[in-house]
Amino acid sequence: MRSRTWPYLLSVILAGSCSLAHAQRTDLRLLAVLGSWERNDDSSRFSVTATDTANAANVINATCSARGKCRLNLALDHVYRVELSGTGHVPKHVILDLNGPGIKQRKWGYRMRFTVKLMPRIDSVDFSICARPLGYSHFEKKENQFAWDERYTHELTPYYETMQNAYEERKRKLVTTAP
């Protein structure tokens, strides 16, 4: 009797440990919602590309749906440059530092969602601020979540306002000079 019980218990223990390991997620599920400054622009032309900053060969791409939604699964313990782009639009990017969560904190993985509006490219508007990251995200151990560096984002606000004002003025001039 004893010899039959041992293999049965071993198989139950192995099956239980496999299901626990399978339930643990070690990724960040990212949902980026992209739109255009122009109301009638097709959001399905937008895409998101995540590149591991340590290993540029690790690239993950996603094309947006008609509503501008792009989904990516990013492995933890990496730093990604996530570029948001579209044909005829000025690209923007964010930096996601996914280092930090301990083994116990990773049990269900993480989710992140953000929305970005891309500006159509117009001549004579200075888009150089878009070469800098739109935001930085890092892990906050106390909250057990990823958080944005709000100070960095706040410091960029005047530059983006200047670019937006120049864009709106140039667009008005194009509309008034059109035949």
Side-chain angles (χ1 to χ4, degrees), residues 27-101 109-172 174:
D27 64 351
L28 176 115
R29 292 174 302 284
L30 175 67
L31 173 62
V33 181
L34 303 182
S36 176
W37 279 69
E38 303 302 324
R39 292 181 190 224
N40 297 327
D41 208 346
D42 181 18
S43 297
S44 65
R45 298 181 307 152
F46 298 142
S47 64
V48 176
T49 303
T51 306
D52 186 342
T53 59
N55 178 6
N58 186 9
V59 178
I60 303 166
N61 295 307
T63 304
C64 293
S65 69
R67 294 184 179 198
K69 293 182 179 181
C70 298
R71 298 177 194 278
L72 294 170
N73 289 332
L74 304 174
L76 297 178
D77 299 325
H78 297 273
V79 178
Y80 291 95
R81 180 184 195 275
V82 179
E83 183 163 328
L84 317 156
S85 61
T87 307
H89 292 75
V90 179
K92 295 180 181 177
H93 70 282
V94 296
I95 302 295
L96 303 179
D97 183 352
L98 303 186
N99 292 304
Y110 295 91
R111 292 176 190 227
M112 180 182 286
R113 175 188 171 120
F114 60 83
T115 302
V116 175
K117 298 267 186 197
L118 296 179
M119 194 175 284
R121 191 173 292 280
I122 294 180
D123 292 336
S124 74
V125 175
D126 181 14
F127 295 110
S128 62
I129 187 63
C130 295
R132 292 179 63 182
L134 186 60
Y136 286 106
S137 179
H138 61 280
F139 186 72
E140 291 285 339
K141 288 188 181 191
K142 288 181 182 177
E143 287 83 32
N144 189 27
Q145 65 184 3
F146 289 93
W148 293 99
D149 184 343
E150 292 178 20
R151 184 176 179 188
Y152 172 81
T153 305
H154 181 70
E155 290 173 358
L156 291 180
T157 301
Y159 299 105
Y160 273 98
E161 286 175 354
T162 301
M163 179 185 68
Q164 292 167 4
N165 291 338
Y167 175 84
E168 292 297 330
E169 184 165 328
R170 181 67 180 145
K171 187 175 157 189
R172 265 191 304 260
L174 289 174

Review item, side-chain donor-acceptor pairs of residues 158-165, under 3.5 Å, at least two apart:
from	atom 1	to	atom 2	distance (Å)
Thr162	OG1	Pro158	O	2.9
Asn165	ND2	Glu161	O	3.3

Just do the salt bridge (Lys or Arg N to Asp or Glu O under 4.0 Å) check on Glu168 and Arg172 with the steps written out, would you?
CA-CA 6 Å; Glu168 292 297 330; Arg172 265 191 304 260; 5.2 Å; no
Contact between Phe46 and Val33 at the side-chain level, heavy atoms closer than 4.5 Å - yes or no?
no
In terms of heavy-atom contacts, does CD of Glu150 have more than 12 from other residues, nucleotides or ligands at under 6.0 Å?
no
Working for salt bridge (Lys or Arg N to Asp or Glu O under 4.0 Å), residues Glu38 and Lys171:
CA-CA 11 Å; Glu38 303 302 324; Lys171 187 175 157 189; 3.0 Å; yes
Grab the two heavy atoms, one from Arg29 and one from Gly109, that are nearest each other, plus how far apart they are.
NH1-CA, 4.1 Å
Would you name the heavy atoms of Ser137 and Met112 that are closest together and state the gap between them?
OG-CE, 3.2 Å
Shortest non-hydrogen pair, Asp123 vs Arg170, comes out as O-NE, 3.4 Å
Do Asn73 and Leu30 have side-chain heavy atoms sitting under 4.5 Å apart?
no
How far apart are the closest heavy atoms of Ala75 and Leu98, and which atoms are they?
O-CD1, 3.6 Å
So, the side chain of His154 versus the backbone of Tyr152: is there a donor-acceptor pair under 3.5 Å, distance only?
no
Quick check against the 3.5 Å criterion: does Ser85 have a side-chain atom that pairs as donor or acceptor with the backbone of Pro91?
no
Residues passing the disulfide (SG to SG under 2.5 Å) test with Cys130, sequence neighbours excluded, are none
Shortest non-hydrogen contact from Phe146 toward Asp97
CE2-O, 3.4 Å
Separation between OG1 of Thr115 and CG of Leu34, rounded to the nearest 0.5 Å:
8.5 Å
For the pair Lys92 (side chain) and Lys117 (backbone), establish whether a donor and an acceptor sit closer than 3.5 Å, ignoring hydrogens and angles.
yes
Dump the intermediate steps for side-chain contact (heavy atoms from CB on, under 4.5 Å) on Tyr136 and Val94, then the final yes or no.
CA-CA 6 Å; Tyr136 286 106; Val94 296; over 6 Å; no
So do the side chains of Leu96 and Val79 get within less than 4.5 Å of each other, counting heavy atoms only?
no
Could you check if a side-chain atom of Lys69 sits within less than 4.5 angstrom of a side-chain atom of Leu31, using non-hydrogen atoms only?
yes
Contact check, side chains of Tyr80 and Leu72, non-hydrogen atoms, under 4.5 Å:
no
Considering all heavy atoms, the nearest Gly100-Lys141 contact
O-CE, 3.8 Å
Donor-acceptor pair, distance only, cut-off 3.5 Å: does the side chain of Thr51 make one with the backbone of Thr53?
no
Any chance the side chains of Tyr110 and Asp27 put a donor and an acceptor closer than 3.5 Å?
no
With side-chain contact (heavy atoms from CB on, under 4.5 Å) as the test, would you mind laying out the steps for His93 and Leu84 before giving the verdict?
CA-CA 6 Å; His93 70 282; Leu84 317 156; 6.0 Å; no
Give the intermediate values and the outcome of side-chain contact (heavy atoms from CB on, under 4.5 Å) for residues Leu118 and Val90.
CA-CA 6 Å; Leu118 296 179; Val90 179; over 6 Å; no
May I ask you to test the His89-Ser36 pair for a side-chain heavy-atom distance under 4.5 Å?
yes
